[in-house]
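Quantities reported herein were computed from a predicted structural model and do not represent experimental measurements. Per chain, numbering begins at 1; letters A, B, ... match sequence-line order.
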Amino acid sequence: MTGGQFFWTLQPARVPAGSRVRFDVTSIDVNHGFGLYDPHGHLIGSVQAMPGYHNQLDLTLDEPGVYLIRCFEFCGLSHSTMMSSLLVRRR
Amino acid sequence: MATVSAPAASTLHPRAAAFTVEARSIERRFGLLFGISGIALVAAMGVLGLIMRLTQAKVISLSPAWFYRLLTLHGGGMITGALLAAMGATWYVVHPTVPLRPQRMLASYALLVSGAVAVLVATLIGGFGAAWTFLPPLPFFPSGQWPVWSEAVFFVGMIAIGSGFFVYCLDVLEQAAAAYGGVLAALGWEFLRGREQVAPPPQVIAATVVAIDGMLAMAAGSAITLGLLGHTYDSSVGFDPLVAKNLVYFFGHTIANLIIYLAAASVYVILPRYAGRAYEVTKVFVGGWLAALVFIVSVYSHHLYLDFVQPRWAEIISEVSSYASLIPVAVITIYSMTMLVWGSRYRWTLASSLLYVGLIGWAIGGTGAVIDSIIPFNFRLHNTVWVVAHIHTYLMLTVVVWILAFVAHMLERDAGRTSSSGARIAMLTLMLVGGFGLTGTWFVEGALGIPRRYAIQPTGTSAYSVVGSIFGLLFALGFLVCLLQLLSLARTAWERRHYVQVEHVESWTGTHYKAREERELTPEAPRDLPNAIGTPLSGGPQLGFGLGLCIVSLAAFFPQVISASESSIRYHHLDHAGQFLFGTALGVLLGSAPSISRRLGDRPGLGVAAVVVVPIVMMLLMVPRIYEPLERHPLEHGLYHAGMAALGLLTGLGASRLGVVAGRLSAFLSIGMALMFAAAMKGG
Ligand code: HEM
Ligand SMILES: [Cu+2]
């Protein structure tokens, strides 16, 4: 999980439902914030994305669907449109 | 013809005369200068706030680039404006018991105002928009939106604001310690331990706490901001993002936090004047403030270490404790003030109703903070607009209301009247409904997980921004009604200052009539300022300690140490910091030696200038592009190191002119700045 002005890259971009996912979060430029919403739009976790450091966030994603990712640390011009998503597949 | 002067009407509680001092013109002037400048800045920045909220509501369209410029200016300008006014209020109530120095206050004003101007230029002309918290390295990633010079101007502005507050804090600390016989006595510690029967007045205890924490945070702020300024000149200056983040937050959060404490200091004096009962300092009060003194700093120092790999729980603990640190003082203040007002036949005027409303705002904001800190999934609110709701509850509904109260208090006393109750009720209704409505929309949005600092809020949520904007407008309207009342009071006060109402009796007909006559201004007797007492080091053991420090720090000049330090920029900087330490220790030692101290004489002005300016020069010289050309030749390199020591010497001599407490603390902080600067640097 890597943040940059103004994008997220994640590996892998899809996981099976019910799996325990460890997000290893970092940044290639400025500070970003990794925030994950469940398919209903509830914020379920967030962690700092800091250049030069790796932060981990462990979450179990039970429900299949599209999980939206937003930036939670002001990172410049397109901070509010810096989005991505994670697909949780039905097993 | 007989003449009878009309008795001065009082807006205060009838019993207040027993404990209320008449404000001298120096206090009134500084109070008005700081209060009015602060309020003007807050008013202007409020317009920007509305523009931003309307942009989020999609009522007006503003490009994200401009949104972030305005956000940067709004944040920095509001903090500076509120700080200015709160500083003025505290000066106004502390000066009657502790003779603070007018020159220092003017210097502080000049620095703060020029800092605000620099921020204005950097954002509106330069286009800088990395937010007033300038979390590195964002300022250096402008996405083509701002040039390097605007970064430099912004950092210079922040350094000026920080230095202005530093000068103020230094003066409060120095003079309070001199007036009460040491810093522990000024903090009420001796009273708490039962060694003294009478405690210092509440405003002195509060102001001293703010002064100490303020100096620590401003020193940290200068160190990191100078590093960032260096980067604008020499991009090889690298820094550790984690250390930089902690220093920047320590500076920004502390300055924002201290504003409410500073404002509270003035309320301890002003509110009782409307209740007719003097504020009694209890041991609980002293204990609460001492706890705040430690909390404010310790919260960030443990943040500094635990943040390392940023485990979630560590962040939550530090967040919870940073809210919790506000609680003792808030509870003590709100409870004791409520008791003071209770059954006192509180006198309702413009000032006193604002004071009361600010107290309610603090109680509600504080309750929010408690709820917030006991919610186990607190992280869900982190960096959402919930935080924005918090900031505004504290700053808008307590601090801003109190600074308006402060100016109203001064004007009412001068005018001998208050404003009409209709205008007061309209104002309070608008401000309360508007203020809590606006923060309410942020609280709801925050609970829904909407991030803060979004120029474009997630689709489907702009209704909250529309409602928020309407409430924001109501608040602004209430603020305006308040300004109009202040203006009208100012007119009356102006007339009363220059003319007296005199009643004449016509000797022929015996009828009475009133006329205005020019007032004879009585010149003010100047007060002697006691000079700082003592020197930072005195007596054999202390001088011996200073000597020991000098000898140990001589190590920084050993060729072996120097060449070993050249393995990295950070170590080399640490070596330079060591040389600076040597000079500072030597300066303090020499300045403290009785014979030299006598010869140097009382030079508090030069002393302050030295401890503020010289460390800044020292840190600027640590920018590689400046010192590297010098380091090629051994002789020049040697001279550079001697220069570091010489700058230290100046700082140390300056600190020795500031008395025991302020002298020690400022020498310690200047060395601390050199070390923090070195620690935050990376590369090589
Ligand atoms: C009519 C009154 C006001 C309105 C409409 C307003 C509006 C705003 C808005 C829209 C934001 C950005 C929120 C976001 O992150 O999405 C903001 C941030 C902020 N406001 Fe206000 N504001 C007002 C009054 C004040 C006052 C009185 C103060 C302080 C004395 C203040 C201090 C701040 C600060 C420190 C920030 C944070 C800046 C940042 O995130 O970098 N505001 N305000
Ligand atoms: Cu980002």
Side-chain angles (χ1 to χ4, degrees), chain A residues 1-8 20-60 66-86, chain B residues 56 63-69 71-72 75 129-146 238-242 244-245 248 307-312 315 377 379-384 386-387 446-461 682:
Chain A
M1 185 80 246
T2 305
Q5 274 182 333
F6 299 95
F7 58 86
W8 294 106
R20 181 128 187 103
V21 181
R22 163 162 294 187
F23 295 91
D24 180 62
V25 183
T26 187
S27 161
I28 54 159
D29 42 40
V30 302
N31 288 280
H32 298 277
F34 168 78
L36 190 70
Y37 296 84
D38 70 11
H40 306 286
H42 298 299
L43 185 63
I44 53 171
S46 74
V47 72
Q48 200 76 13
M50 187 178 265
Y53 290 86
H54 286 258
N55 289 308
Q56 269 103 30
L57 176 68
D58 292 329
L59 289 172
T60 307
V66 179
Y67 286 66
L68 183 68
I69 297 163
R70 281 188 176 279
C71 184
F72 269 76
E73 186 67 73
F74 176 49
C75 60
L77 198 61
S78 305
H79 168 53
S80 47
T81 48
M82 178 172 160
M83 286 184 275
S84 185
S85 59
L86 173 72
Chain B
Q56 290 174 332
S63 68
W66 271 102
F67 181 91
Y68 291 123
R69 285 167 196 160
L71 179 69
T72 308
W132 82 279
T133 48
F134 57 99
L135 186 60
L138 184 56
F140 312 121
F141 285 82
S143 312
Q145 297 305 314
W146 60 82
F239 38 81
D240 183 318
L242 190 59
K245 174 185 171 181
V248 163
D307 214 26
F308 197 69
V309 269
Q310 288 216 306
R312 203 62 242 177
E315 200 165 292
F377 44 92
F379 78 89
R380 293 196 189 164
L381 307 171
H382 180 78
N383 266 348
T384 66
W386 181 281
V387 178
L448 293 176
I450 297 176
R452 66 186 288 203
R453 296 173 168 168
Y454 268 26
I456 306 160
Q457 289 199 332
T459 34
T461 60
K682 219 166 115 171

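- Taking CG of L448(B) as the start and OH of Y37(A) as the end, the distance is 9.5 Å to the nearest 0.5 Å.
- Nearest approach of N31(A) to P137(B), heavy atoms of both residues: ND2-CD, 3.9 Å.
- With rounding to the nearest 0.5 angstrom, the OG1 atom of T384(B) is 13.0 Å from the CZ atom of R70(A).
- Taking CD of Q145(B) as the reference point, atom CG of L77(A) lies at 4.5 Å (rounded to 0.5 Å).
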Criterion side chain to side chain contact (heavy atoms under 4.5 Å, CB included) on D240(B) and Y53(A), from CA distance to verdict: CA-CA 10 Å; D240(B) 183 318; Y53(A) 290 86; 2.9 Å; yes
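- Listed by chain and residue number, nothing satisfies the salt bridge (charged side-chain N to carboxylate O under 4.0 Å, His left out) test with R20(A) (two or more places apart in sequence, or in another chain).
- The contact between T81(A) and chain B is made entirely by side chain atoms (from C-beta outward), counting heavy-atom distances below 4.5 Å.
- Rounding to the nearest 0.5 Å places CZ of F74(A) at 8.5 Å from OG1 of T133(B).
- There is no contact between P142(B) and chain A, counting heavy-atom distances below 4.5 Å.
- Interatomic distance, CZ of R453(B) versus SG of C75(A), reported as 11.0 Å (0.5 Å rounding).
- Between the OG atom in S80(A) and the CD1 atom in I450(B) there is a gap of 12.0 Å [rounded to 0.5 Å].
- Within the 4.5 angstrom heavy-atom criterion, atoms from both the backbone and the side chain of F141(B) approach chain A.
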